[in-house]
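Here the structure is laid out as structure tokens; the discussion comes afterwards.
Ligands are counted one by one from 1 in listed order, and the atoms in each one are counted from 1 as well.
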Amino acid sequence: MTLSALEVNQLKQAPAVDGVLPLFHHRWSPRAYTGREVSPATLAKVFEAARWAASSYNEQPWRFLVGVRNSDTYKKIFETLIGFNQGWAGSAPVLILGVASTKFSHNGAANGSALYDLGAASSYLTLQAAELGLATHQMAGYDQAAARAAFGIPEDYAMGAVIALGYQGEPATLSNEHMLAQEIAPRERNLLRHFVFSAWDKPADLA
Ligand SMILES: Cc1cc2nc3c(=O)[nH]c(=O)nc-3n(C[C@H](O)[C@H](O)[C@H](O)COP(=O)(O)O)c2cc1C
């Protein structure tokens with residue numbers, strides 16, 4: 001006996017805070033996806049959101065390799081995932097690999113913000129996906145060297161994360177007990193006082 005997709009989606013909602021965009025509290029990372037495909041037009045909207053992320057020098061260092069089920073791109077990304085992630089991510093109809101150019105185009109100097117900016121764009125992507133009723137699940141658990149080789153990604157690009165994207169599925173479709181337990185567990189976060197400081201390790205007074 002487990003929870004349905006609808007029930008678990010409700011359980012994953014963080015409590016609303018007045019004045020904070022509900023989307024931040026609604027987004028969560030399922031491991032179960034339905035077989036429903038994502039249209040190219042919908043994918044374009046998700047990347048449109050990523051497009052407008054801020055970046056150092058407006059370099060926009062992010063690059064996304066997007067693979068839809070049965071494509072070579074999808075297969076290549078899937079094959080680089082660690083076993084744990086292969087155990088669930090194959091149900092997602094779209095796999096995305098994010099990488100970042102580590103050199104500024106205006107002078108060739110090192111861009112120390114490349115991965116920071118890719119992360120920002122990826123966050124926009126995940127939130128836009130949530131707005132469209134899609135779910136995403138980011139993964140660091142993949143073989144970066146294998147992915148670089150599979151796509152011929154140049155050395156001056158840093159490897160980011162893989163993102164599974166699709167429509168949330170029924171938790172019961174997960175075969176692994178550990179995954180199932182995580183799928184139906186409430187989301188947890190640190191309190192503001194644990195990470196917003198006025199001096200090192202001193203909580204800022206926000207009340
Ligand atoms: C950069 C990054 C790497 C992650 N890597 C993995 C991963 O390899 N496998 C996995 O199952 N989840 C992975 N996650 C998902 C996190 O565990 C998840 O986002 C976190 O527990 C918070 O849950 P929520 O997104 O539902 O709020 C990753 C998330 C991020 C942002």
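- Residues lining ligand 1 at a heavy-atom distance below 4.0 Å are given as Arg27, Trp28, Ser29, Arg31, Phe84, Asn85, Trp88, His137, Gln138, Met139, Ala140, Gly141, Arg187, Arg189, ordered by chain and residue number.
- Residues in residues 142-159 take part in these salt bridge (Lys or Arg N to Asp or Glu O under 4.0 Å) pairs, two or more places apart or across chains: Arg148-Glu155.
- Under the salt bridge (Lys or Arg N to Asp or Glu O under 4.0 Å) criterion, Arg51 pairs with Glu48, sequence neighbours left out.
- Under the 6.0 Å cut-off for aromatic ring centres, Phe64 and Phe47 qualify, their centroids lying closer than that.
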Side chain to side chain donor-acceptor pair (under 3.5 Å) between Ser105 and Glu59: does it pass, once the steps are laid out? CA-CA 7 Å; Ser105 48; Glu59 174 67 25; 2.9 Å; yes
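- Looking at heavy atoms from C-beta onward, Leu95 lies out of side-chain contact with Val68 at the 4.5 angstrom threshold.
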Please report, to 0.1 Å, the donor-acceptor pairs under 3.5 Å made by any side chain of residues 118-125, with sequence neighbours excluded.
residue	atom	partner	partner atom	Å
Ser122	OG	Leu118	O	2.7

